[in-house]
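To keep things clear, I will list the structure first and then write my remarks on it.
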Amino acid sequence: MEASERNGNLVFAVNGDRFELTSVDPSTTLLQFLRYHASFKSPKLGCGEGGCGACVVLVSKYDPKLNRVEDFSVSSCLTLLCSLNGCAITTSDGLGNTRDGYHPIHQRFAGFHASQCGFCTPGMCMSFFSALVNADKRNHQDSPRQGFSNLTSFEAEKSISGNLCRCTGYRPIADACKSFASDIDIEDLGFNTFWKKGDSRETKESKLPPYDPSKDLVTYPEFLKSESFTCLDSTRYSWFSPVSIEELQSLLNSSVAENVGSVKIVVGNTGTGYYKETHRYDQYIDLRRIPELSILNRDQKGIEIGATVTISRAISFLNEGNKVNLNSYGKMVSQKLAEHMERIANPFVRNTATVGGNLAMAQKFGFPSDMSTLFLGVDATVSILTVGGEEKLKWEELLARSALDSRSVLLNAWIPFKDDGNFLVNSSKLLFETYRAAPRPLGSALAYVNAAFLADVSAHKNGVVIHSIKLAYGAFGTNHAIRAKTVEKYLTGKILNLKILYEALKLVKLDVVSEPGTSYPEYRSSLAVSFLFQFLHPLTDVDSVVSIGLFDGIGETFIEDGSRSTNDEADTSQGNTSHTILSSGEQVVESSTEYYPVGEPMKKYGAAMQASGEAIYVDDIPSPPNCLHGAFIYSTKPLARVKSISLQVESNTLADGIVAIITFKDIPSGGENVGALSQYGTEPLFAADRAQYCGDRIAVVVAKSQRSADVAARTAVVEYDTEDTVSPILTVEEAVARSSFLQGPASPIEPVGDFSKGMAEADYKILSAELRLPSEYYFYMEPQTTLAVPDEDKAMVVYASTQFPEYTHSVIARCLGVPEHNIRVITRRAGGGFGGKAIRNMPVSTACALAAYKLRCPIRIYVNRNSDMVITGGRHPLKVTYSVGFNSNGKITALYADILVNGGISEDITPVIASHIIAALKKYNWGAFSFDIKNCKTNLTSKSSMRALGDVQGSYVADAIIEHVASVLKMEVDSVISQNIHTYESLKLFYKDSAGESGEYTLPRIMDQVSISSRFVDRAMIVDEFNQKNTWKKRGIFRLPIVHEVNQHATPAKVSILQDGSIVCEVGGVEIGQGLWTKVKQVIAYALSLIERSWSEELVEKVRIIQIDTLSLVQTGFTAESTKSESSCEAARLCCNILVERLIPLKEKLHEQHGSIDWTTLIREAEAQSIDLQAHAYFVPDSSSGQYLNYGAAVSEVEIDILTGLPRILQSDIIYDCGQSLNPATDLGQIEGAFVQGIGYFMLEEYLTNEDGLMVTNSTWTYHIPTIDTIPKRLNVRVLNSGHHKKRILSSKASGEPPLLLAATVHSAIRAAIREARKQLKSWDKLDESASKFYLDVPAIMPVVKTTIGLDYVEKYLETLINKPST
């Protein structure tokens, strides 16, 4: 096609391939095009909000004038395709792949064991690649050494700060990225497959996969450079790209005159991650081609920032402020704004999100913007364009106006520079500081409160005079940022002292008031006080002011230190981002060669393929012809009759192409309304007469695209009838009062000892103490997904992301009313599971199959993240009431626990939780232990199996009781733990046969070892010293043990040897990231090498593990409880034993005839002699070895910021007994990943519901799993090889779930730090209650920590100083 003919077409490149589109729906995102129109499967859909990073790709733009390519990462789920005209897109499989060879990034991710489930890995790689590309473009005086880049270690870690991973714990990902850094010490990198212990530094560097920037950084194809790109033809795309403000004005006026229905002003489109769009726009106006809107200027008067300038570009520009000739105020403001803006969103959102767009969202919708507060604080002016013309006004004035309409455009912002003050006359100085408190220090989370303060001050003989002050606050639960004018007025003209500051802080609470319904309003008010205190308190000390140079004109130091409130150690809080390494650690693995290659730390099978994005998940399977898509409509009311469902199908909706609504009425005759099945009961697929709970599935809407189905479901209007309904049961107390219970414990659990006797022997008693534990969402990176394809003879092939293919198979058959042989469930891998894809995937797969059956065409359901979080359920909440007796030395004599489990609406897996809770509670020797457990039925989503089901709750409760006892006795908690840790005899009494042999009880040794390796005693003394010296930071350190009982389950396997000697295996376990396939490969190689030991390494490479097919392999069971890997390995080994028995006689015969033979010859001859080369086995654990105990211990040190409540994990040390690990590398990954997931439960993940029980923290904006900036700054892990265990499978022990329990050390360390803060308050005579007797909620999020410390801590501190007698 000639250039003239394709004028106005959309042209771009993907991985070097040219695409030209003559038309496209302008609402189409890049991700939708890549995945569903062009079959690029590497970018994944994780959230659709720009909050997880699974969809990150690299976008490259060419500037022909400068002959320069700009490369930046973007969230492809938010980026509109029409905005990419003339751009090149690179995905992870465009960097490298199985056919062309992997990129060094892929190779290093695999070698550093940085991929588990693999769903997030391609996005991680692209986020890092973007940073790598740009670092290697920078001009550096010194070139990096060969194989490395210009990136620093901090930049490498920071590049992935916005990417979420639920599996790995981030440490190995950080190491993979840092291995490219110019400043990395190779000795600091963690466990990997590239080098061996003892290799020299030079050898280690040489063994890294080679990286050559000149070879690896071609991102923009030459053929695109030769093309000239015009604006898109607006008649075909409804996409307008004005090139001047005048043209924009004309467009806006004509849209009014021609009565154009709706107009979308667009640049980066990132706002749709927060404000979901459901309607189609008639016009899209792209502002990026207007030069005036992309301007960045600065002079001595101020800074001009165009509205289309991205946040990333603004940060870079502001960071250059120190390099140009600006006054000190201009440099200060530039630096502070840049530092703060780097904590807005994440890198791949900042790269396309604009300054103007952020401000516009704040003004129009009340978005809790940081930018709005910053611009208010610096007294910014903005220009806006409306239908009436251009207008310039203060940002503060625009905030006070009604919301801008869709045809009003923000053009630019002006940040004025103030004079430095007339220092020679009155020693006047300008101070500026910004503040932010958020769950994640490096961004990717909205702030609880943000602030920007500007003050003009000067020295006076009696103190510091405040000539003027601006105090801007935002995000505290108000429609927009505000100025605390009452406080400003009060402070202006005052000579600052403690009393003035105290009065000012009281006034803050009058100005900064959250609107009704805002979460944690008192905490937010306390933050507002803390921020002003941080800003002004240093100025109350006249001697300090003199010492930092205000009087003699050295103002920079004062400005730099202005936020310091005491002589605390260096501030590493969110207000002061230091360029330090986020994550480091040491990994020690003890491998065994007894069953070689079992025990070798081989890299995970398929890890590089996962990194490149070529590993196939369910949604990556190409859609068959005529495939439709489904989305759930769920109830938002409990116990409500559904009268009708209405879909919003107006012409402008994005929900076009609606085909059908599937409800319980569409279940075929002979089928059942069943959507989930466990051995304890069923759960309906759809609500029939009445929706039982919020999140109850009402229907599936089927449409021609997933987006259409999602929008239709989101906008559906459900009419409810709530007359004559009783109130829902939402709490365990309500369930008990109304006798609403689920099935009790699945098996009887016996008490230990005589509780009454034990209490009678006690010196002290705690009676009827209570504690509660909340729910938790799974947050697997791949949401629930299924593809159902009708087959011949009423059969159905179902591709499901499930941990329980066998029961999924059965449920579908029962729902459709067909024999089970008509259903085939296929599961290759799941993008994470954590228990959430066992029972909870069944309704998704069953609804998908039902829709396919009804409509006689393929159907796929990919549950969007928001719906997934609402309908899937999660961890079981608990209420525990306990009574405990103990003696003065801390020895506990008796414990009684009354446990109420909130199981939700159906049995699911709840009946088994009792045995897990009690087993975990038995970790200490209670003397006598009695209990009562009730499983409560409530009108909530069914609670289901989740990693460490019941164990994490039971173990935490045990530790909390120990801490309670210690607080009563005023003893060190560690001493009470030591008093009550099991001897082997008491272990045997509590755990019976699970205790195993005495030599297997390694916990006492582990506790000693972790104490030594972590320097626990020495560091405890250092922590004490730190706490005595520091007022506003407190630290705590804690050591805890775990005893975790696991159960093995029956598992099948089938091993087949093909003609060329390659081996294929099917096992009952699903690969969900735990390395199951890798371990099975190693075991097969070991077992078959019993024919000839020298073949073992060759055999590993010959083995392929394939997907589960429920018609090929039956009785596959449930992949859960940490033991499926080992049981799958044993089943595969049994198969191999059969094959070895068949092949050894032949091998011996051939050896006699021909001497040495190889594997391939042996198999070829076996084929010729018709020897059966396929074997099936079903491993059934015997009663003596089906249960066993796992042991581990950890020490964690935490620092809390008293002013904000922010906890920071300084170090965690873990020792965990894996027996003889089948693969120490995968077990290490499981240990670290489980521990960090536990950190999420104990510190971050807030599962909130409304008054009806509807989950409201159902997005990446409101539900915060750990990120790289919230994990331990140093994480040391030792995988203990405890020797031969004759009753274990190849002497191995489980690793997937038990280490999660060790994260309780972090919560306990936070408690210890809080205790120190409260002791300090007590020492000021400002705490009426006990400093040590308090309860810390789970999770210990910032508001919880700060509330427990004391929301009025600052005020009490000032009261202490004010009332202190003068000396």
Side-chain angles (χ1 to χ4, degrees), residues 52-53 56 73 104-116 118 120-132 135 148-149 151-194 204 208-209 211 346-348 440-444 572 577-587 603-604 607 610-611 781 1208-1212 1214 1225 1228-1237 1239-1240 1265-1277:
C52 75
V56 170
S73 58
I105 292 176
H106 302 148
Q107 295 171 325
R108 296 194 192 184
F109 264 66
F112 277 97
H113 311 291
S115 181
Q116 289 188 21
C120 71
T121 315
M124 286 277 185
C125 290
M126 295 314 298
S127 285
F128 176 66
F129 180 67
S130 173
L132 198 64
F148 295 85
S149 75
L151 266 181
T152 66
S153 296
F154 178 73
E155 289 170 335
E157 290 182 314
K158 200 168 137 188
S159 69
I160 56 167
S161 62
N163 293 74
L164 301 184
C165 173
R166 192 57 148 168
C167 297
T168 63
Y170 297 101
R171 196 276 314 158
I173 298 174
D175 277 352
C177 295
K178 287 187 291 188
S179 73
F180 290 85
S182 57
D183 62 348
I184 191 64
D185 183 342
I186 202 80
E187 302 293 344
D188 291 337
L189 293 178
F191 190 62
N192 62 76
T193 61
F194 302 121
K204 289 178 178 179
L208 281 172
Y211 168 68
N346 52 52
F348 47 83
R440 293 168 175 156
L442 288 183
S444 291
T572 53
T577 305
S578 57
H579 289 195
T580 56
I581 298 296
L582 300 173
S583 168
S584 65
E586 181 182 13
Q587 303 80 46
K603 65 184 175 185
K604 184 179 183 293
Q610 290 175 177
M781 291 305 298
R1208 204 164 58 100
I1209 311 171
L1210 302 179
Q1211 181 170 322
S1212 292
I1214 299 169
L1228 174 67
Q1230 289 292 285
I1231 293 165
E1232 292 185 338
F1235 183 77
V1236 170
Q1237 186 169 359
I1239 288 173
I1265 70 170
T1267 43
I1268 192 171
D1269 52 343
T1270 56
I1271 66 173
K1273 187 171 175 60
R1274 183 168 183 83
L1275 177 59
N1276 301 316
V1277 180

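Residues meeting the salt bridge (charged side-chain N to carboxylate O under 4.0 Å, His left out) test with R108, sequence neighbours left out: none. In terms of the ring-ring contact (aromatic ring centres under 6.0 Å, His included) criterion, F148 has no residue partners (sequence neighbours excluded).
Using modelled atom types, one finds a donor on one side chain and an acceptor on the other under 3.5 Å when comparing S153 with D183. Between the side chains of Q610 and Q116, no donor-acceptor pair of N or O atoms lies under 3.5 Å.
Of all heavy-atom pairs between S115 and T121, the closest is OG-OG1, 2.9 Å. In terms of heavy atoms, L442 sits closest to S161 at CD1-CB, 4.0 Å. Here the closest non-hydrogen pair linking N346 and S444 is CB-OG, 3.3 Å. Minimum interatomic distance between G162 and F348 (heavy atoms only, all atoms of both residues): O-CZ, 3.4 Å. Considering every non-hydrogen atom in both G111 and F194, the closest pair reads CA-CZ, 3.5 Å. Nearest heavy-atom pair across C165 and T168 is SG-OG1, 3.2 Å.
Atom CD of Q1237 is separated from atom CD of Q1230 by 10.0 Å, given to the nearest 0.5 angstrom. Of the inter-residue distances, the one linking I1271 atom CD1 with I1239 atom CD1 reads 7.5 Å to the nearest 0.5 angstrom. The structure places CD1 of I105 at 6.0 Å from SG of C125, a figure rounded to the nearest 0.5 Å. Atom CZ of F154 and atom OG of S159 lie 10.5 Å apart (nearest 0.5 Å). Summarising the geometry, atom CE belonging to M124 is positioned 4.5 Å from atom CG belonging to N163; distances are rounded to the nearest 0.5 Å.
Counting heavy atoms from C-beta outward, F109 and P172 have side chains that stay 4.5 Å or more apart. With a 4.5 Å cut-off on side-chain heavy atoms, I173 and I1268 do not count as touching.
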ask   = Given D175 and N192, is the side chain to side chain contact (heavy atoms under 4.5 Å, CB included) satisfied, shown in steps?
value = CA-CA 9 Å; D175 277 352; N192 62 76; over 6 Å; no

Working for side chain to side chain contact (heavy atoms under 4.5 Å, CB included), residues E157 and K178 = CA-CA 7 Å; E157 290 182 314; K178 287 187 291 188; 3.4 Å; yes

task = Go through L1228 and V1277 one step at a time and tell me if the side chain to side chain contact (heavy atoms under 4.5 Å, CB included) criterion holds.
result = CA-CA 8 Å; L1228 174 67; V1277 180; 3.5 Å; yes

key: Audit row: I1265, L164, side chain to side chain contact (heavy atoms under 4.5 Å, CB included) steps and yes/no   = CA-CA 8 Å; I1265 70 170; L164 301 184; 4.0 Å; yes

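Checking side-chain atoms of T1270 against main-chain N and O of T1267 turns up a donor-acceptor pair under 3.5 Å. No side-chain donor-acceptor contact under 3.5 Å links S583 to the backbone of K1273. The backbone N or O of R1274 lies less than 3.5 Å from no partner atom in the side chain of R171, so there is not a single donor-acceptor pair.
Paired with L1275 under the rule side-chain contact (heavy atoms from CB on, under 4.5 Å), one option of Q587, E1232, E586 passes, and it is E1232.
Residue pairs satisfying the ring pair (Phe, Tyr, Trp, His ring centres under 6.0 Å) criterion with at least one member in residues 167-190, sequence neighbours excluded, are listed as follows: F128-F180, F180-Y211.
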